[in-house]
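Here's the structure we're looking at; comments come further down.
Reckoned from all heavy atoms, side chains included, excluding hydrogens, waters and symmetry mates.
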Amino acid sequence: MDVHFAPPDLASLSELKTEALCLPFFLDERPMRGPSGLVDFRLCGRVSRLIASGRMQGQVGEAVLMPVRPRMFAERLIWLGGGRHADLDEARFRSLVHSALTRLSDLRIRAAALSLPGRVRGHFSPADAIDWFLEEA
């Protein structure tokens with residue numbers, strides 16, 4: 001599988017041509033930030049409305065698959081619940097990365113872009129995040 005990292009700006013995310021875009025979302029992060037918040041904005045708040053209605057929450061293990069065309073060039077959007085952002089640690093980071101890669105593989109995705117959990121707020125250093133990602137991959 002060809003994996004890239006989601007760019008942190010709206011124009012690049014909107015133009016991203018990939019089979020799947022995989023983004024984390026958390027119980028205690030409202031509004032969403034970083035690529036997750038930008039994608040929600042690009043989708044005219046569709047994700048925020050699903051969260052407000054209780055159809056999406058952000059629980060650990062939660063996954064939501066949705067189409068995003070014609071608003072974006074990615075074919076699918078996969079949201080992964082990460083629990084409380086305040087509880088994000090190395091083990092949860094690794095679990096989210098493992099879950100993302102497993103789900104992408106199960107869907108037979110050949111090319112995907114990911115947003116690494118915790119990087120938006122600088123929760124982890126870039127070096128740690130990449131090292132943990134590579135170990136899980």
Side-chain angles (χ1 to χ4, degrees):
M1 177 186 335
D2 187 20
V3 177
H4 299 276
F5 297 106
D9 65 279
L10 184 59
S12 297
L13 280 168
S14 296
E15 299 295 320
L16 186 63
K17 293 179 181 171
T18 188
E19 284 183 72
L21 176 58
C22 193
L23 301 169
F25 71 111
F26 298 91
L27 286 167
D28 58 348
E29 186 177 65
R30 304 291 183 265
M32 291 184 288
R33 298 180 183 174
S36 298
L38 293 172
V39 167
D40 184 39
F41 175 80
R42 185 69 177 105
L43 297 177
C44 300
R46 179 172 27 162
V47 178
S48 290
R49 287 191 301 279
L50 288 170
I51 290 169
S53 73
R55 294 182 68 195
M56 285 176 67
Q57 297 176 10
Q59 298 285 352
V60 172
E62 181 179 0
V64 178
L65 176 66
M66 67 175 50
V68 289
R69 289 195 178 180
R71 294 248 174 225
M72 298 181 69
F73 284 109
E75 294 176 27
R76 299 176 189 108
L77 183 56
I78 302 168
W79 293 94
L80 295 177
R84 289 175 19 96
H85 196 280
D87 297 336
L88 186 61
D89 59 7
E90 179 184 345
R92 177 79 48 84
F93 176 98
R94 288 176 179 272
S95 175
L96 281 165
V97 168
H98 181 79
S99 177
L101 295 174
T102 299
R103 290 175 190 279
L104 291 168
S105 177
D106 289 348
L107 291 169
R108 300 180 197 271
I109 301 294
R110 294 180 311 266
L114 305 173
S115 176
L116 295 177
R119 287 295 310 131
V120 170
R121 293 188 187 179
H123 213 83
F124 309 112
S125 73
D128 285 343
I130 291 297
D131 285 346
W132 298 337
F133 171 83
L134 291 173
E135 288 171 12
E136 291 302 316

**OP:** Verify the cluster assignment for Val47 and Phe26: are they in a single hydrophobic cluster under the rule of side-chain heavy atoms below 4.5 Å apart?
**Re:** no

**OP:** Might you point out which heavy atoms bring Ser36 and Leu23 nearest each other, and give the distance in Å?
**Re:** OG-CB, 3.6 Å

Subject >> Side-chain touch Leu16/His4, heavy atoms, less than 4.5 angstrom >> reply: no

**OP:** Starting at CG of Leu116, measure out to NE2 of His123 and round the result to the nearest 0.5 Å.
**Re:** 13.5 Å

Original post:
For the residue pair Leu114 and Ala100, what are the closest heavy atoms and their distance?
Top reply: CD2-CB, 4.2 Å

**OP:** To the nearest 0.5 Å, tell me how far Leu27 CG sits from Met56 CE.
**Re:** 11.0 Å

Original post:
If you measure from CD1 on Ile109 to CG on Leu21, what distance do you get to the nearest 0.5 Å?
Top reply: 11.0 Å

Original post:
When rounded to the nearest 0.5 angstrom, what is the spacing between CZ in Arg108 and CD in Glu19?
Top reply: 12.0 Å

Original post:
If you take all heavy atoms of Pro24 and Pro117, which pair is closest and at what distance?
Top reply: CG-CA, 4.1 Å

Subject >> Heavy-atom side-chain proximity of Leu96 to Arg92 below 4.5 angstrom >> reply: yes

Subject >> Minimum heavy-atom distance between Trp132 and Phe124, given as atom pair plus value >> reply: CZ3-CD2, 3.4 Å

**OP:** For the residue pair Phe25 and Asp40, establish whether any side-chain heavy-atom pair is separated by less than 4.5 Å.
**Re:** no

Could you give the side-chain donor-acceptor pairs of residues 65-88 under 3.5 Å, partners two or more places apart or in another chain?
residue, atom, partner, partner atom, Å
Arg69, NE, Phe73, O, 3.4
Arg69, NH2, Phe73, O, 3.0
Arg84, NE, Asp87, OD2, 3.2
His85, ND1, Arg121, NH1, 3.4

Original post:
Does the side chain of Val3 come within less than 4.5 Å of Phe133's, by heavy atoms?
Top reply: yes

**OP:** Check Ala112 against Leu104 and note the closest heavy-atom contact, atom names and distance.
**Re:** CB-CD1, 3.7 Å

**OP:** Could you walk me through whether Arg49 and Ser53 pass side chain to side chain donor-acceptor pair (under 3.5 Å), step by step?
**Re:** CA-CA 6 Å; Arg49 287 191 301 279; Ser53 73; over 6 Å; no

**OP:** Verify the cluster assignment for Leu38 and Leu50: are they in a single hydrophobic cluster under the rule of side-chain heavy atoms below 4.5 Å apart?
**Re:** yes

Original post:
Hey, quick one: are Val60 and Val97 part of the same hydrophobic cluster, counting side-chain heavy atoms closer than 4.5 Å, chains of contacts allowed?
Top reply: no

Original post:
Which pair of heavy atoms, one from Arg30 and one from Gln57, lies closest together, and at what distance?
Top reply: NH2-O, 2.9 Å

